[in-house]
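Data block below; observations after.
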Protein chains: 2
Amino acid sequence: MALFLSTYINKLDSKGRVSVPATFRSSLASSSFQGIVAFKSKSHIALECFGMDDMIEISKRLDHFDLFSEAQDDLATVIFAESKQLPFDGDGRIVLPEELRSFCNMTDKVAFVGMGQKFQIWEPEALEKRLANARDNVREQNLTIPASKD
Amino acid sequence: MALFLSTYINKLDSKGRVSVPATFRSSLASSSFQGIVAFKSKSHIALECFGMDDMIEISKRLDHFDLFSEAQDDLATVIFAESKQLPFDGDGRIVLPEELRSFCNMTDKVAFVGMGQKFQIWEPEALEKRLANARDNVREQNLTIPASKD
DNA sequence: TACAATACCATGCTATACCATATTATACCA
DNA sequence: TGGTATAATATGGTATAGCATGGTATTGTA
């Protein structure tokens with residue numbers, strides 16, 4: 001199973017290209033598509049990123065709804081219509097489309113943030129603020145990780 | 001497995017021709033028919049599109065209704081009788097028949113909208129409204145992807 | 001024979017595949 | 001433990017192939 005850890009900051013070139021951290025790429029090596037799938041986060045000014053296999057998994061779960069039901073339609077629209085398929089080039093880079101870059105206010109550098117099964121891409125300064133905020137939330141609410149169900 | 005992702009806007013020429021996005025075509029490469037199947041959506045001013053292999057799959061699902069029940073008959077009529085088989089030309093284009101274009105109020109551009117196992121074709125401005133609507137529905141009803149059953 | 005549908009061809013553009021360099025991290029050896 | 005060699009990674013630039021698009025020819029049909 002793919003597991004994305006740690007944070008890496010890489011450079012965005014004039015064409016919107018950026019190297020995906022090598023450790024993230026190796027997590028996706030066995031995927032059916034050499035690249036990532038990205039879409040705008042619903043809760044942050046950032047991009048949510050998955051491997052293609054996870055998107056297929058999501059698609060299968062949606063099959064539990066009736067094919068033309070409203071819920072199925074709304075979810076599929078939000079998730080799939082607004083996502084972008086970003087293939088690796090020969091050197092492990094992706095091209096971040098202008099639309100996604102401007103949504104995140106990205107200029108010359110971006111941060112890849114491991115989140116376990118998925119990862120996010122942030123404008124580095126926005127990420128700093130978010131991290132400080134997340135630390136506060138964890139401290140104030142004494143958030144903990146649930147015990148294993150095994 | 002074929003998965004349709006993202007949204008692409010392509011030009012409709014004077015003969016009603018339009019390029020199917022290359023990524024969608026490659027999802028259909030292994031299909032038994034080189035082209036798509038399209039029919040008018042029941043819930044939107046848009047076209048629902050599948051590969052031929054998925055139409056066969058839908059047909060199997062309909063078998064779960066009683067063979068001569070009203071529901072089965074209605075659905076089968078709407079989906080199969082009113083659907084059009086649109087073959088690719090040598091350059092990966094389809095011809096959208098006048099009847100389907102006018103149903104969607106299409107003029108010079110159309111949007112191909114990935115929905116996972118299917119895709120839709122929209123008049124671009126109508127799509128914008130639909131996207132906003134889908135986002136609202138998901139937020140208001142707290143729709144989420146069902147958890148895995150594993 | 002006239003019309004419409006479809007197959008075929010031609011072109012500009014853009015995405016991406018390729019190559020070349022710089023930089024960093026790692027491994028090896030003293 | 002420290003320094004150096006080496007390999008992997010990140011980055012920058014260029015060439016090319018594929019794609020979207022426009023047009024023409026040919027076939028079938030009424």
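In what follows, chains are A, B, ... by sequence order, proteins preceding strands, each numbered from 1. Predicted, not measured: the structure shown is a model, and the values here were computed from it.
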Grab the [atom1]-[atom2] distance between [X] and [N] for me, whole Å please.
X: A:L12; N: D:dA10; atom1: CG; atom2: C1'; answer: 13 Å
X: A:Y8; N: D:dA8; atom1: OH; atom2: C1'; answer: 14 Å
X: A:D13; N: C:dA15; atom1: CG; atom2: C1'; answer: 13 Å
X: A:D108; N: D:dA10; atom1: CG; atom2: P; answer: 17 Å
X: B:F112; N: D:dC19; atom1: CZ; atom2: P; answer: 15 Å
X: A:Q34; N: C:dT16; atom1: CD; atom2: C1'; answer: 16 Å

Can a donor-acceptor pair be found between the side chains of [X] and [Y] at a distance below 3.5 Å?
X: B:S19; Y: B:D91; result: no
X: A:Q85; Y: B:S6; result: no
X: A:Q117; Y: A:D54; result: yes

Any strand counts, and the cut-off is 3.5 Å on both contacts for Watson-Crick or G-U wobble. Which nucleotide pairs with D:dG22?
C:dC9
Out of D:dA20, D:dT11, D:dG12, which nucleotide sits closest to the side chain of A:S19?
D:dT11
Given D:dG13, D:dT21, C:dA7, the nucleotide with the shortest approach to the side chain of B:R17
C:dA7
When the aromatic ring centroids of B:F4 and B:F24 are compared, is their separation below 6.0 Å?
yes
When we call it a touch if two heavy atoms are under 4.0 Å apart, what does B:P87 touch: a base, just sugar-phosphate, or nothing?
nothing
Per the atom types in the model, does the base of D:dT14 pair as donor or acceptor with the side chain of A:K15 at under 3.5 Å?
yes
So, does A:S59 use its side chain to make a donor-acceptor pair with the main chain of A:M55 at under 3.5 Å?
no
Side-chain heavy atoms nearer than 4.5 Å, only ILVMFWY residues, links allowed to pass through others: does that put B:I36 and B:F103 together?
yes
By a strict heavy-atom criterion of less than 4.0 Å, which residues belonging to residues 88-107 of chain A are in contact with DNA chain C?
A:D91, A:R93
Salt bridge or not between A:R61 and A:E57? Use side-chain N to carboxylate O under 4.0 Å.
yes
